[in-house]
*Asks:* 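Structure provided below as structure tokens; questions to follow.
Worth knowing before you read on, the calculation uses all heavy atoms, side chains too, and leaves out hydrogens, waters and symmetry mates. Note that the structure is predicted; figures quoted are calculated from it, not measured. Numbering of ligands and ligand atoms starts at 1, following listing order.
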Amino acid sequence: MDPAITIETLKKDLAELKAALEKKTFEAVSAEAQQQSNLLNNITLEIAITGRAGAGKSSFVNALRGMGDDEEGAALTGVTETTMVPQEYTCPTFPKVKFWDLPGIGTNNFSAKEYLKKINFSKYDFFIIIASGRFTEDDTNLALEIRKNKKKFYYVRSKVDIDIDNYRRSKRINVEDTHEMMQSEKKTLGIIQKESYDNLKALGESSPRVFLISRWDLSKYEFPLLQETFEKEQDEIKRDVLIMCLPILTKDSITKKKAAMERLIRKKAIVSCSVGLIPLPFLSFGFDIGIVVLTMREICKVFGLDEDSLNILANRVGKPVEELKSAIEHTPSTSMITTEFVMNILKRSAMWGAITVVELVLDFIPVLGSLYGGGSSFATTFYLLKDFLENAVKDAEKVLAKAAEPKRRK
Ligand SMILES: Nc1nc2c(ncn2[C@@H]2O[C@H](COP(=O)(O)OP(=O)(O)O)[C@@H](O)[C@H]2O)c(=O)[nH]1
Ligand SMILES: [Mg+2]
């Protein structure tokens, strides 16, 4: 198989890395890489979803995990809340990312302060306050308390799909008329946006921002904007974890995941220089094959190409998992990604006969040459992972397109 990346793209990457290294010493960059290279497994992120009973909290948690409501392990929806205990739901691929389905505000007559104490306020990274109609004093009191405690929160208005439907019915919109359908959607969103703004303003919020969503399609309305907003307000590391853990909704989410994964690969390649190098009989140098295997598996998960993610997606879109898998051309299933698999790529790759890539790396980043095997370890790890990533991105795009195709008639 031809490599998915060329020497030219590699040069571009190396030039960027070189520029980054000019700002800091290699030791500093290396220490930082050590700390951050395992971020998908050791950075925790706890997102709290709160709001009144029936607002759509549990449904939103399921949507954030890319799941339907009827799946095993999904949050129960449409049920009356009886407990005051936050329910924990982990991201299906990286369990250090958690979505907390909080008890309904206002159900037990707690003050906002008491409520926050009950739910163990301090552990959450940020809050999402959901309402399906009007926001109430309970919501704004909670927001006020969260703000006092210097944490971020976002107002979300759920179920806008229902509002759009209702508007269309009341105006007898012709469903065949795409223009009318689009106009009526825009019109309804405008109305809700204004209503929510006035509603929160009347409750004392000075310049409220509300994000309109439907749990049935997070790629639509204002979920993408909400996602962008909360990502922006996280530190770099948590932002990348968020990007890599949220489900793939659009091509744009694939692009963002790719950039985050590239940042991670750079760190992994740097770390690979300073760990024990394993010599391989057919290569003139050693490198840490374990890092490569693990990262390739992580790439599969991030791009929804592992078995679990594919099953979840198949269930969500109501298609057989085999149909989605048929769109994957390059990426092997995670169980196939082993040391042997990586060695086979190396054996087959003509580039490794001549050590061009290693020379190239040392050309750009000579400091690696001073570490025993550093240049070759970096080059091998970097090159293998970038190549794997390029292919995974192509496959993820194909799976996304396949999932969106109209269902086949039986
Ligand atoms: N159409 C539509 N229904 C929703 C949406 N979000 C939640 N629901 C429905 O609203 C009801 C209450 O949702 P649930 O998530 O259980 O609310 P919770 O009490 O806040 O956890 C359920 O029947 C959901 O299916 C949405 O965005 N669109
Ligand atoms: Mg619930």
*Asks:* Between Arg209 and Glu222 (salt bridge meaning N to carboxylate O under 4.0 Å), is one present in this structure?
*Replies:*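 Salt bridge present between Arg209 and Glu222.
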*Asks:* Among all protein heavy atoms, pick the one closest to atom 28 (N) of ligand 1 and tell me residue, atom and distance.
*Replies:*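 So the nearest neighbour among protein heavy atoms is Asp161 OD1, 2.8 Å.
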*Asks:* Starting from atom 17 (O) of ligand 1, what is the nearest protein heavy atom, named by residue and atom, and what distance separates them?
*Replies:*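 Closest protein heavy atom to atom 17 (O) of ligand 1: Gly56 N, 3.1 Å.
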*Asks:* In terms of side-chain geometry, is the basic nitrogen of Glu32 or Lys24 positioned less than 4.0 Å from the acidic oxygen of its partner?
*Replies:*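 Salt bridge present between Glu32 and Lys24.
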*Asks:* Could you find the nearest protein heavy atom to atom 16 (O) of ligand 1 and give me its residue, atom name and distance?
*Replies:*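 Going atom by atom, the protein heavy atom closest to atom 16 (O) of ligand 1 ends up being Gly78 N, 2.6 Å.
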*Asks:* Do me a favour and list the nearest non-hydrogen protein atom to atom 5 (C) of ligand 1 with residue, atom name and distance?
*Replies:*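 Closest protein heavy atom to atom 5 (C) of ligand 1: Lys159 CG, 3.3 Å.
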*Asks:* Numbering the atoms of ligand 1 from 1, which are under 4.0 Å from a heavy atom of Ser214?
*Replies:*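 Counting atoms of ligand 1 from 1, those under 4.0 Å from Ser214 are 27 (O).
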*Asks:* Does Gly51 have a heavy atom less than 4.0 Å from any atom of ligand 1?
*Replies:*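 Heavy atoms of Gly51 never come under 4.0 Å of ligand 1.
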*Asks:* Name the closest protein heavy atom to atom 21 (O) of ligand 1, giving the residue it belongs to and the distance to 0.1 Å.
*Replies:*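 I find the closest protein heavy atom is Ser58 OG, 2.8 Å.
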*Asks:* Which protein non-hydrogen atom lies closest to atom 27 (O) of ligand 1, naming both residue and atom, and how far is it?
*Replies:*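 I find the closest protein heavy atom is Arg215 N, 2.8 Å.
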*Asks:* Taking 2.8 Å as the cut-off, does Ser59 contribute an N, O or S atom near the Mg ion (ligand 2), distance below it?
*Replies:*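 It does not; every qualifying atom lies at 2.8 Å or beyond.
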*Asks:* Within the structure, does Ile213 bring an N/O atom to less than 3.5 angstrom of an N/O atom in ligand 1?
*Replies:*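 For ligand 1, there is no N or O atom that lies under 3.5 Å from one belonging to Ile213.
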*Asks:* Record the part of Ser59 in heavy-atom contact with ligand 1 below 4.0 Å; permitted values are side chain, backbone, both and neither.
*Replies:*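 Both of them.
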*Asks:* Between Glu405 and Lys402, is the closest basic N to carboxylate O distance under 4.0 Å?
*Replies:*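 Salt bridge: yes.
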*Asks:* So that I can tick it off, tell me whether Glu322 and Lys325 are bridged by a salt bridge, with the cut-off set at under 4.0 angstrom between side-chain N and carboxylate O.
*Replies:*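 Salt bridge between Lys325 and Glu322, a charged N being under 4.0 Å from a carboxylate O: yes.
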*Asks:* Any idea which atoms of ligand 1 are less than 4.0 Å away from a heavy-atom of Arg52?
*Replies:*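 It comes down to these atoms of ligand 1: 20 (O).
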*Asks:* Suppose we measure from atom 19 (O) of ligand 1 to each protein heavy atom; which comes out shortest, and what is that distance?
*Replies:*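 Protein heavy atom with the smallest distance to atom 19 (O) of ligand 1: Gly54 N, 2.7 Å.
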*Asks:* Salt bridge between Lys220 and Asp161, side-chain N to carboxylate O under 4.0 Å?
*Replies:*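 Answer for the salt bridge query: no.
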*Asks:* Do Lys267 and Glu262 meet the salt-bridge criterion of a basic N to acidic O distance under 4.0 Å?
*Replies:*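 Not counted as a salt bridge, because no side-chain N and carboxylate O are separated by less than 4.0 Å.
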*Asks:* Report the C-alpha distance between Thr50 and Tyr115 in whole Å, list the side-chain angles of each, state the deciding distance to 0.1 Å, and finish with yes or no for side chain to side chain donor-acceptor pair (under 3.5 Å).
*Replies:* CA-CA 11 Å; Thr50 180; Tyr115 178 87; 2.9 Å; yes
*Asks:* Could you list which atoms of ligand 1 come closer than 4.0 Å to a heavy atom of Trp216?
*Replies:*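 Counting atoms of ligand 1 from 1, those under 4.0 Å from Trp216 are 1 (N), 2 (C), 3 (N), 28 (N).
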*Asks:* May I ask you to say whether Arg52 pairs ionically with Asp138, meaning some side-chain N is under 4.0 Å from a carboxylate O?
*Replies:*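 Looking at Arg52 and Asp138, the cut-off is met.
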*Asks:* Which atoms of ligand 1 have any heavy atom of Lys57 under 4.0 Å away?
*Replies:*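 Atoms satisfying the 4.0 Å criterion: 15 (O), 17 (O), 18 (P), 19 (O), 20 (O), 21 (O).
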*Asks:* With a cut-off of 6.0 Å (strictly less than), are more than 12 heavy atoms of other residues, nucleotides or ligands near NZ of Lys319?
*Replies:*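 Atom NZ in Lys319 is crowded, with more than 12 foreign heavy atoms closer than 6.0 Å.
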*Asks:* Please classify the Thr77 to ligand 1 contact at 4.0 Å (heavy-atom distances, strictly less than): side chain, backbone, both or neither.
*Replies:*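 Both backbone and side chain of Thr77 come within 4.0 Å of ligand 1.
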*Asks:* Looking at Glu71 and Arg316, is there a salt bridge between them, counting it only when a charged N and a carboxylate O are closer than 4.0 Å?
*Replies:*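 Salt bridge: no.
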